[in-house]
Amino acid sequence: MEASFVINLTPAAATLDQLEDIYRNGTPARLIDAARPKIERAAQVIERAAAGGDAVYGVNTGFGKLAKTRIAQKDTSTLQRNLILSHASGVGEPLSENIVRLIMTLKLLSLGRGASGTKWTTVELLQDMLAKGVVPMIPGQGSVGASGDLAPLAHLTAVMIGEGEAFYKGQRLSGKKALMAAGLSPIILGPKEGLAMINGTQTSTALALAGLFDAWRLAKTALVTGALSTDAAMGSYAPFREEIQTLRGHQGQIDAAAMLRDLLEGSEIRESHRENDERVQDPYCLRCQPQVMGACIDLLRQTAKTLHIEANAVTDNPLIVDNDDIISGGNFHAEPVAFAADQIALAIAEIGAIAQRRIALLVDPALSFGLPAFLTPNPGLNSGFMIAEVTSAALMSENKQKANPCSVDSTPTSANQEDHVSMACHAARRLLEMNTNLSHILGIELLSAVQGVELRGPLKTAPKLEELIAKLRAQIPALDEDRYMSPELVQSGQYVLEQDLLAQALQTLELAS
């Protein structure tokens, strides 16, 4: 069934909100009609070049190290078809359909700038596939993030010429059958069209955007679970005061502290130990939340700027510029995306690291200021959250290992023609697993902190947090006695990844202006 709502994309002006809608909800997208004239003009420039006598890379020459080989005009379509078939060399598990739809959308945005030379019929087929739900099967591995995401994008393009595989209405079909089932027909690629389709950073960028969108949601979630842990541990609110943050000046820190103050406003637990508390300072995992989370917020905002630019960029080669010159360059090199992915990975790892220390604090009676060992009312007979905390430590360690930079790990490819590459694709792909790990860490913190707050009864936490506790308890009961925990930990992890916790309370915390 075709979607009733479509996002109309303006080339060079797509927003992160639009792209997140496409990622989360599968909303189809298409270019505005005003993009068509420039696309068609560029296609005419390429047609003339293919018929001319001058060598133009990828139009009437071979590719990469074979660029000196001239191709006859009659063979240009065969050249493009062979390019797609030979480059569809990916391996590994298929990327999820929501990721692939985002890749397709980003390719539309790039072609929509009218600098690539594709025909309008090629753009139309890509739009129709999005509208009708034909999603190419793209293996996740095979790109080094330079000369474009060649293998993944070749798998996308293969479906458009009736090859490869695609998902359609829950079935995995040949590309030709998937198109036919949706009432669509394959295209024959013209000069440069195959190259325009596979030269580009769209796979790396889509994966990085997916990593960013989920990391941002989890960063906000970590402020909620951190606020709950603060009250569960009867921590001090003084480190969140505005004056401290403004003296340093980092916007993320200022915003994080403001959110923590807002979330904890009206807590009875806070008032119960405002005076005569023997402790002078809390451990860093409570006290330094504004500083750590603020730095992560600033880092994610910076990567959002980079990825917003890249999502709207033209990244194939060669390109048609305003005076109809066809110029070879290197926009396909995904170094900005690789750097952004590495930075997002650092933020994900650090959010999980400080959250895990809060879990460890809550289960330790030497640190938790009166809570029973491992947050169980009857420790000894029951182990409570003992091994849930260990699980969070294992996940934290995995993420720290995965946070090692990928962008510095270049290797020469294609007979040394492509002698420096970005590794952006797997740099971005690992963010998906890291976010899953982080969601489980925060899910465990959510259960632990709520258990700790409830053990402070009859005192109540802040009203906004009480609202969240009520919603959680409707799904997962308190841990009064030991029971089989794994399904509930999984459920809580999915809950924090899929739900924008207390979205209304955190709506002022924005990723990008």
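We count residues from 1, following the sequence as given. Computed from heavy atoms alone, side chains included, the values below leave out hydrogens, waters and symmetry copies. All of these numbers come straight from a predicted model, not from anything done at the bench.
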Check for a donor-acceptor pair, side chain of N382 on one end and backbone N or O of D482 on the other, with a separation under 3.5 Å.
-> yes
Run the side chain to side chain donor-acceptor pair (under 3.5 Å) check on D149 and S204 step by step: do they pass?
-> CA-CA 7 Å; D149 291 315; S204 296; 2.8 Å; yes
Indicate yes or no for a side-chain donor-acceptor contact from E268 to the backbone of K460 under 3.5 Å, with no hydrogens or angles considered.
-> yes
Side chains of P365 and L371 in contact at under 4.5 Å (non-hydrogen atoms) = no
Which atom pair, heavy atoms only, marks the closest approach of L173 to A178?
-> CD1-CA, 3.9 Å
Qualifying salt bridge (Lys or Arg N to Asp or Glu O under 4.0 Å) pairs, either residue in residues 437-451, two or more places apart | R358-E445
Is the backbone of A394 close enough, under 3.5 Å, to the side chain of S397 for a donor and an acceptor to pair up by distance?
-> no
Criterion side chain to side chain contact (heavy atoms under 4.5 Å, CB included) on L102 and L209, from CA distance to verdict = CA-CA 9 Å; L102 187 53; L209 282 168; 4.1 Å; yes
Going by the ring pair (Phe, Tyr, Trp, His ring centres under 6.0 Å) test, which pairs reach into residues 249-292, not counting sequence neighbours?
-> none
Working for side chain to side chain contact (heavy atoms under 4.5 Å, CB included), residues L19 and L109 | CA-CA 11 Å; L19 297 175; L109 283 168; 4.3 Å; yes
Who are the salt bridge (charged side-chain N to carboxylate O under 4.0 Å, His left out) partners of E335, not counting sequence neighbours?
-> none
F339 side chain near T303 side chain, heavy-atom distance below 4.5 Å = no
Which pairs with one or both residues in residues 229-242 pass salt bridge (Lys or Arg N to Asp or Glu O under 4.0 Å), sequence neighbours excluded?
-> R241-E243
Verify, without hydrogens or angle tests, whether N331 (side chain) and V314 (backbone) share a donor-acceptor contact under 3.5 angstrom.
-> yes
Among all residues two or more places apart in sequence or in another chain, which pass the side-chain contact (heavy atoms from CB on, under 4.5 Å) test with P412?
-> N416, D419
Taking ring-ring contact (aromatic ring centres under 6.0 Å, His included) as the test, write out the residues that go with H426, two or more places apart.
-> none
Stepwise side chain to side chain contact (heavy atoms under 4.5 Å, CB included) check, L497 with L442 | CA-CA 9 Å; L497 186 57; L442 296 179; over 6 Å; no
Is the side chain of T15 donor-acceptor paired with the backbone N or O of Q18 at a distance under 3.5 Å, no angle test?
-> yes
Chi angles and distances behind the side chain to side chain contact (heavy atoms under 4.5 Å, CB included) call for C285, L361 | CA-CA 9 Å; C285 65; L361 181 151; 3.8 Å; yes
Are the side chains of L260 and M293 in touch, meaning some heavy atoms are under 4.5 Å apart?
-> no
Partners of R301 by salt bridge (charged side-chain N to carboxylate O under 4.0 Å, His left out), sequence neighbours excluded?
-> D255
Would you mind listing every salt bridge (Lys or Arg N to Asp or Glu O under 4.0 Å) that reaches into residues 205-219, with sequence neighbours excluded?
-> R24-D214
Which residue pairs pass the salt bridge (Lys or Arg N to Asp or Glu O under 4.0 Å) test when at least one of the two sits in residues 362-374, sequence neighbours left out?
-> none
Do any N or O atoms from the side chain of R172 and from the backbone of A166 form a donor-acceptor pair under 3.5 angstrom?
-> no
For T157, enumerate each residue passing the side-chain contact (heavy atoms from CB on, under 4.5 Å) test, keeping only those at least two apart in sequence or located in another chain.
-> I84, L189, M197, I198
Roughly how far apart are F213 CZ and I344 CD1, rounded to 0.5 Å?
-> 9.5 Å
With rounding to the nearest 0.5 Å, note down the distance linking CD in E466 to OG in S267.
-> 8.5 Å
What is the minimum heavy-atom distance between H155 and A88, and which atoms define it?
-> NE2-C, 3.3 Å
Measure the shortest side-chain to side-chain distance between M129 and V159 over non-hydrogen atoms and say whether it is less than 4.5 angstrom.
-> yes
Would you tell me whether Q289 and T230 have side-chain atoms, one donor and one acceptor, within less than 3.5 Å of each other?
-> yes
Check: S272 side chain, I269 main-chain N or O, donor-acceptor pair, under 3.5 Å | yes
For the side chain of H308 and the backbone of A14, is there at least one donor-acceptor N/O pair under 3.5 Å apart?
-> yes
Is the closest basic N to carboxylate O distance between K471 and E467 below 4.0 Å?
-> yes
L447 versus F385: any side-chain heavy-atom pair under 4.5 Å?
-> yes
Can you name the residues that form a side-chain contact (heavy atoms from CB on, under 4.5 Å) with A427, not counting sequence neighbours?
-> A341, D342, C406, R430
Do S392 and Q356 get their side chains close enough for a donor-acceptor pair, meaning under 3.5 Å?
-> yes
Spell out, as yes or no, whether a donor-acceptor pair under 3.5 Å connects the side chain of S110 to the backbone of L106.
-> no
Would you call Q251 and D298 a side-chain contact if the rule is heavy atoms closer than 4.5 Å?
-> yes
Side chain to side chain donor-acceptor pair (under 3.5 Å) evaluation trace for D21 with T27 | CA-CA 6 Å; D21 187 356; T27 308; 2.9 Å; yes
Under 3.5 Å, is there a donor-acceptor pair linking the side chains of S439 and Q494?
-> no
Compare every heavy atom of P477 with every heavy atom of E488, then report the nearest pair and how far apart it is.
-> OE2-CD, 4.3 Å
Decide yes or no for S422 and V144: does some side-chain heavy atom of the first lie under 4.5 Å from some side-chain heavy atom of the second?
-> no
For N312 and A13, which heavy atoms make the closest approach, and how far apart are they?
-> OD1-N, 3.1 Å
Where do T315 and E310 land on the side chain to side chain donor-acceptor pair (under 3.5 Å) test, with the steps shown first?
-> CA-CA 8 Å; T315 54; E310 190 72 9; 5.0 Å; no
Atom pair OG1/CG of T225 and L218 - distance to nearest 0.5 Å | 9.5 Å
Do you know the tightest heavy-atom contact between L150 and S147?
-> CD2-O, 2.8 Å
N98-S96 side chain donor-acceptor pair, cut-off 3.5 Å = yes
Heavy-atom side-chain proximity of L431 to L207 below 4.5 angstrom = no
Would you check if the side chain of R473 reaches a backbone N or O of I476 as a donor-acceptor pair within less than 3.5 Å?
-> yes
Just how far is it from atom OG1 of T436 to atom CD of E398, taken to the nearest 0.5 Å?
-> 11.0 Å
Sequence neighbours excluded, which residues qualify as ring-ring contact (aromatic ring centres under 6.0 Å, His included) partners of H420?
-> H333
Please round to the nearest 0.5 Å and tell me the distance separating atom CZ of R101 and atom CD of E97.
-> 8.0 Å
Considering all heavy atoms, the nearest P136-V100 contact | O-CG1, 3.6 Å
